[in-house]
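I have placed the structure first, in the form of structure tokens, so that the comments after it can refer back to it.
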Amino acid sequence: MNWLEAIILGLVQGLTEFLPVSSSAHLRIVGELMGMEDPGAAFTAITQIGTETAVLIYFWRDIVRIISRWFMAMPWVNENSRIAQSDPDVRMGWMIIVGSLPIGILGLLLEDWIDYQFRNLWITVTMLAFFAILLAAADRYAPRYRTLDRMTWRDAILYGFAQAMALIPGVSRSGGTITMGRVMGYTREAAARYSFLLAMPAVFASGFYKLFKVLVGNDTVYAGPTLLATIIAFIVGYAVIVWFLKIVSTRSYQPFVIYRIVIAAVIAGLLGMGVLSAIPSLA
């Protein structure tokens, strides 16, 4: 990977991570169209540290409040100072923890599949099209009245399994969780907000886990270009968060649905013509 390729892939990661279009699929496709070997799951996970740092900064006050109040509700806190478990921020802290379990467990159990088998582009095409239909149906027909303070344990678990589906390129982390949120009746704003917060533990854990494997020598990435791509992903990702949260309250997800179907058709066509290869060529 050279520096120009790193810049392009960083832009792609930042532009697509928070939109329901699958950043991992775009990195896989753009990398191959540029004549590169598949950037790989390690590169994808590490550059996502950049985009999730953007989430950390954007939601900093909310995150600090949730974490601090969650700790203040623990048994070791003096009873006179302890916050009730029913406090909305305490409950949200628990909901994020519970919702993060499925992707953490499945990510470890299916690591080899994530790194290789799931990166078959025919799987990506199928997931792009299938989840486009699900998102369209959920956004059009699902009720739109629930807010995050009404989240239940069942909802957190279902959100978690929806996020875990994003281990397969083409599903989209935000697309899966937002679709599940809309199915359960959450407003667009609530579904998007929880999607961002829920992603943080899993993405940081995955990114630093892959970074550790690179440092100990089991995985390989191009250090300088990967760092540059991560920084670019952070800058662009922050701008996308600001834009995306502004439009979801007034507009439907239909443009993203159309985009997913179009890009799925384009990839299928390129695969049929032999321009893209379904099985990635790994570095």
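Bear in mind the structure is a predicted one, so any value in this text is a computation, not a measurement.
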- Task: Give a yes or no on whether a salt bridge exists between Arg150 and Asp155, defined as a side-chain N under 4.0 angstrom from a carboxylate O.
- Result: no
- Item | Verify same cluster id: Val203, Ile67 (apolar side-chain graph, 4.5 Å) | no
- Message: Can you tell me how the ring of Phe59 sits relative to the ring of Phe196, calling it parallel under 30°, perpendicular over 60° and tilted otherwise?
- Response: tilted
- Message: Using side-chain heavy atoms (C-beta onward) and a distance below 4.5 Å, is Met180 in contact with Tyr186?
- Response: no
- Query: At their closest point, which heavy atom of Ile96 faces which heavy atom of Pro201, and how far apart are they?
  - Reply: CG2-CG, 3.8 Å
- Query: Considering only heavy atoms from C-beta outward, does the side chain of Tyr259 approach that of Val21 to under 4.5 Å?
  - Reply: yes
- Query: Between Tyr238 and Tyr58, what is the ring plane arrangement, given parallel below 30°, perpendicular above 60°, and tilted in between?
  - Reply: perpendicular
- Mutual orientation of the aromatic rings belonging to Tyr253 and Phe244 [parallel < 30°, tilted 30-60°, perpendicular > 60°]: tilted
- Message: Check for me, please, whether Met165 and Ile133 land in the same ILVMFWY cluster - side-chain distances under 4.5 Å, paths through other members count.
- Response: no
- Query: Hey, are the side chains of Trp122 and Ile267 touching, using non-hydrogen atoms and a 4.5 Å cut-off?
  - Reply: no
- Single-linkage hydrophobic cluster Leu134~Tyr141, side-chain heavy atoms < 4.5 angstrom: no
- Item | More than 12 heavy atoms of other groups within 6.0 Å of Gln254 CD | no
- Does the pair Asp149/Arg91 count as a salt bridge with the N-to-O cut at 4.0 Å? no
- Can you tell which of Thr51, Thr16, Leu19 makes a side chain to side chain contact (heavy atoms under 4.5 Å, CB included) with Val240? Leu19
- Item | Residues which pass side chain to side chain donor-acceptor pair (under 3.5 Å) with Gln48, listed by chain and number, not counting sequence neighbours | Glu17
- Tell me, yes or no, whether the heavy-atom count around Phe161 atom CZ, taken from other residues, nucleotides or ligands under 6.0 Å, exceeds 12. no
- Give a yes or no answer on whether the side chain of Arg260 reaches the backbone of Pro20 with a donor-acceptor pair at less than 3.5 Å. yes
- Query: Looking at side-chain heavy atoms only, is the closest gap between Ser100 and Leu198 below 4.5 Å?
  - Reply: yes
- Message: For Gln13 versus Ala233, what's the shortest heavy-atom pair and its separation?
- Response: CG-CB, 3.7 Å
- Query: Between Arg182 and Asp139, which heavy-atom pair has the shortest distance, and what is it?
  - Reply: NE-OD1, 3.1 Å
- Using side chain to side chain donor-acceptor pair (under 3.5 Å) as the criterion, list what pairs up with Tyr209, not counting sequence neighbours. Glu111
- Message: Side chains of Leu245 and Glu189, heavy atoms from C-beta outward: is any pair under 4.5 Å?
- Response: no
- Hits for side chain to side chain donor-acceptor pair (under 3.5 Å) against Thr230, two or more places apart or cross-chain, chain-then-number order -> none
- Item | Exercise: identify the closest heavy-atom pair between Ser24 and Gly170 | OG-N, 4.3 Å
- Query: What heavy-atom pair brings Gly237 and Ala54 nearest, and what distance separates the two atoms?
  - Reply: C-CB, 4.1 Å
- Using a cut-off of 6.0 Å, state whether more than 12 heavy atoms not belonging to Arg140 lie near its atom CZ. no
- Task: Give a yes or no on whether Met95 and Ile66 share a hydrophobic cluster (residues Ile, Leu, Val, Met, Phe, Trp, Tyr; joining criterion: side-chain heavy atoms under 4.5 Å apart).
- Result: yes
- Query: If every non-hydrogen atom of Val257 is compared with every non-hydrogen atom of Ala132, which pair is closest and at what distance?
  - Reply: CG1-O, 3.5 Å
- Task: Group every Ile, Leu, Val, Met, Phe, Trp and Tyr by side-chain heavy-atom contacts under 4.5 Å, then state whether Ile97 and Leu108 land in the same group.
- Result: no
